[in-house]
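Side chains included, hydrogens not; waters and symmetry mates left out as well; all remaining heavy atoms used.
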Amino acid sequence: MTNAANSYFSRNLLILFIGCLTGLIITVDPYLSTLSLNMIGVYIPYGFSLLIIILSVIVCVLIVLLIKMIKSHKEAITFIILYTISLQVVGLSPLSKIDAKEVILLTFIIIFFISSMVEQKNIKITLLDILNLCFLSALILSVINGGIGSFTQIIIFVIAMAVSFLIINSCTDSNLLRQQVKWLIIVTSISAIIGVLQEVVYLSSGIPLIGNIADEQRRFMFQDISLGRVLRVPALTDTYMLFAYFLTSVIMINLNILLYWPLNRRRKTLLSITFGLMFIALILTFSRMSLLAFFILIPIVFIVRWPKYALHMTAGFILLVIGIYLAGYYKDIYDTVLHEVSFGESRVRIALDRKGLYGFIYQHPWIGIGVAKGAKYTAHIFSWPAHNVFIRVAGETGFLGLIFYCLIIFYSLIKTISINIRIRNPIDKGITRGLLFSFLAVLIIMQFDVTYVNTYLWFLMGIIKAADLIYTNRERDIVF
């Protein structure tokens, strides 16, 4: 009884103290706002002291939560949730180079090393990390031709390396891996809803309700179709292409979980709805490379799931081709493709790829022209580089960088194939199949993309390596 009374008294005393402090600040704030420190040129705006106390309270609460999180050993799941969210809200940051995901990454790197020293946990350094360091050396070597401008771009790859490292050391068991996949689907589904709402708002009011998008990207955010001009929805990312990248990848994970997991009717309905929402949002991005990856992989997903029907599906596809031919639609398809390659955007992409390849072979074949300097090969009016990831890697980092980059991609691909061969549990098989087709979707998109150092790509490769360590128990792959 005495303890309860003391707790009640302490709680009310704390509330009274906060109330008195807030009242004092509100009273003194108009006086502070009239002061100006002319000696150093600092002016105190109205509401400044109240803002300081609010921010101080928020910081103290965050520090307490972080301490409790470390003590309760929940830093791994917290990092998984927060970083997954931060990947898809980069458009909310007014800064072009720094957003929430960098802040979260830096915070949890510090937390990880502190908890590792205190609790003496093993740090996992795998072959993926070693290959990343080798590719980093190639990027640094390209600075010889690229100058200091290339060196600043290398920081992006260091961040990507840190992401894969933390994912591998965070997803240490199958439960955490499932949480990672679950939150990836949840966050992307919410982004898909936001994307659909953006399109509805734009069609009804003409207002593009989008985040902070660079001026050079804004002119690509609209698409003219037969129904008029529409918005290529970015959700809360900084470009529709990045949003389509997320959608295509996560759709593959969502679909494979739907096909493999023994779910009840309610959960199947929920996953079907999320699949539909993400597919609608993918269409509204009007990203042809992402839609191409989707339609290429969907039949393969079903064939892998039900291999006994492979012959039936192949026969159905052949009948579809014959039907298109007999109906005369083949000529329309042929003319459309020929026009696109000869006069459309694809012609520009092919020309850029050709110039980038020639520049790599005849100008800087060994160490490249420098990171982010590939546009010098193409001499495009808008400084567009080659629109193929591997050609751009070769042009900017040379033959040495291309070898290490291909080794990183090939290593992740082999790992995701190997775990798919070993796994028999339907729940784990749904995750591993999803990771395989998600990675294949990314590889298809990379044939038409310009960004070879993509944080999400290393995020995905980190998940694949974590799954490999979890499902195969291959401790020999851990270097340190």
Side-chain angles (χ1 to χ4, degrees), residues 83 86-88 90 95-99 101-102 105-106 109 128-143 145-168 214 217 237-239 241-246 249 289 353 356 360 364 367-377 383-413 439 441-465:
Y83 196 79
S86 68
L87 277 172
Q88 300 194 32
V90 293
L95 303 176
S96 59
K97 300 298 181 183
I98 301 176
D99 49 58
K101 67 178 187 295
E102 277 79 25
L105 181 65
L106 179 61
I109 285 177
L128 177 62
D129 299 306
I130 302 301
L131 291 173
N132 284 338
L133 290 173
C134 292
F135 184 59
L136 177 62
S137 66
L139 294 178
I140 295 174
L141 197 60
S142 70
V143 174
N145 291 327
I148 192 65
S150 294
F151 190 78
T152 56
Q153 295 294 321
I154 295 175
I155 299 174
I156 300 174
F157 180 68
V158 175
I159 292 172
M161 286 176 53
V163 169
S164 65
F165 172 78
L166 272 185
I167 288 294
I168 293 170
Q217 292 290 338
T237 64
D238 57 354
T239 171
M241 293 182 291
L242 180 60
F243 185 42
Y245 202 89
F246 290 137
S249 175
M289 57 186 181
D353 291 345
F360 158 63
H364 302 284
I367 62 173
I369 198 172
V371 182
K373 302 296 180 180
K376 291 183 178 180
Y377 288 144
S383 299
W384 287 357
H387 276 54
N388 179 285
V389 162
F390 296 97
I391 294 177
R392 190 176 180 193
V393 169
E396 296 188 0
T397 65
F399 186 68
L400 185 64
L402 179 62
I403 289 176
F404 289 131
Y405 190 84
C406 290
L407 283 174
I408 291 171
I409 300 298
F410 183 71
Y411 176 77
S412 297
L413 182 60
F439 193 63
V442 169
L443 290 181
I444 293 173
I445 295 172
M446 286 167 64
Q447 309 310 311
F448 313 95
D449 199 9
V450 298
T451 308
Y452 58 90
V453 178
N454 189 315
T455 305
Y456 180 73
L457 174 60
W458 264 261
F459 176 79
L460 184 59
M461 290 192 293
I463 297 176
I464 291 171
K465 184 57 192 174

What heavy-atom pair brings [X] and [Y] nearest, and what distance separates the two atoms?
X: Thr239; Y: Thr237; value: O-OG1, 3.0 Å
X: Ser164; Y: Leu128; value: CB-CD2, 4.4 Å
X: Gly401; Y: Ala138; value: CA-CB, 3.6 Å
X: Gly398; Y: Phe360; value: C-CE1, 4.0 Å

Measure the shortest side-chain to side-chain distance between [X] and [Y] over non-hydrogen atoms and say whether it is less than 4.5 angstrom.
X: Tyr377; Y: Ile391; value: no
X: Tyr411; Y: Lys465; value: yes
X: Phe404; Y: Leu136; value: no
X: Tyr452; Y: Val371; value: yes

Sequence neighbours excluded, which residues qualify as side-chain contact (heavy atoms from CB on, under 4.5 Å) partners of Ile367? Leu141, Ile144, Asn145

Can you list the residues that meet the side-chain hydrogen bond (donor to acceptor under 3.5 Å, both in side chains) rule with [X], with sequence neighbours excluded?
X: Asp129; value: Thr126
X: Tyr405; value: none
X: Tyr245; value: none

Nearest-0.5 Å distance that lies between atom [atom1] in [X] and atom [atom2] in [Y]:
X: Tyr83; Y: Leu105; atom1: OH; atom2: CG; result: 5.5 Å
X: Ile403; Y: Phe135; atom1: CD1; atom2: CZ; result: 12.0 Å
X: Ile408; Y: Ser412; atom1: CD1; atom2: OG; result: 8.0 Å
X: Ile154; Y: Phe157; atom1: CD1; atom2: CZ; result: 10.0 Å
X: Ile445; Y: Thr451; atom1: CD1; atom2: OG1; result: 11.5 Å

Spell out, as yes or no, whether a donor-acceptor pair under 3.5 Å connects the side chain of [X] to the backbone of [Y].
X: Asn388; Y: Gln447; result: yes
X: Asp353; Y: His387; result: yes
X: Ser142; Y: Leu139; result: yes

Let me see the working for Phe165 and Ile109 under side chain to side chain contact (heavy atoms under 4.5 Å, CB included), right down to the final yes or no. CA-CA 10 Å; Phe165 172 78; Ile109 285 177; over 6 Å; no

Only pairs under 3.5 Å count here: list side-chain donor-acceptor contacts from residues 454-464, not counting sequence neighbours, and write none if there are none.
| from | atom 1 | to | atom 2 | distance (Å) |
| --- | --- | --- | --- | --- |
| Asn454 | OD1 | Tyr456 | N | 2.9 |
| Tyr456 | OH | Ser249 | OG | 2.7 |
| Trp458 | NE1 | Asn132 | OD1 | 2.9 |

Around atom CZ of Phe390, are there more than 12 heavy atoms of other residues, nucleotides or ligands at under 6.0 Å?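 It does: Phe390 CZ has more than 12 such atoms within range.
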
Residue pairs passing the salt bridge (charged side-chain N to carboxylate O under 4.0 Å, His left out) test with at least one member in residues 390-412, sequence neighbours excluded, are Arg392-Glu396

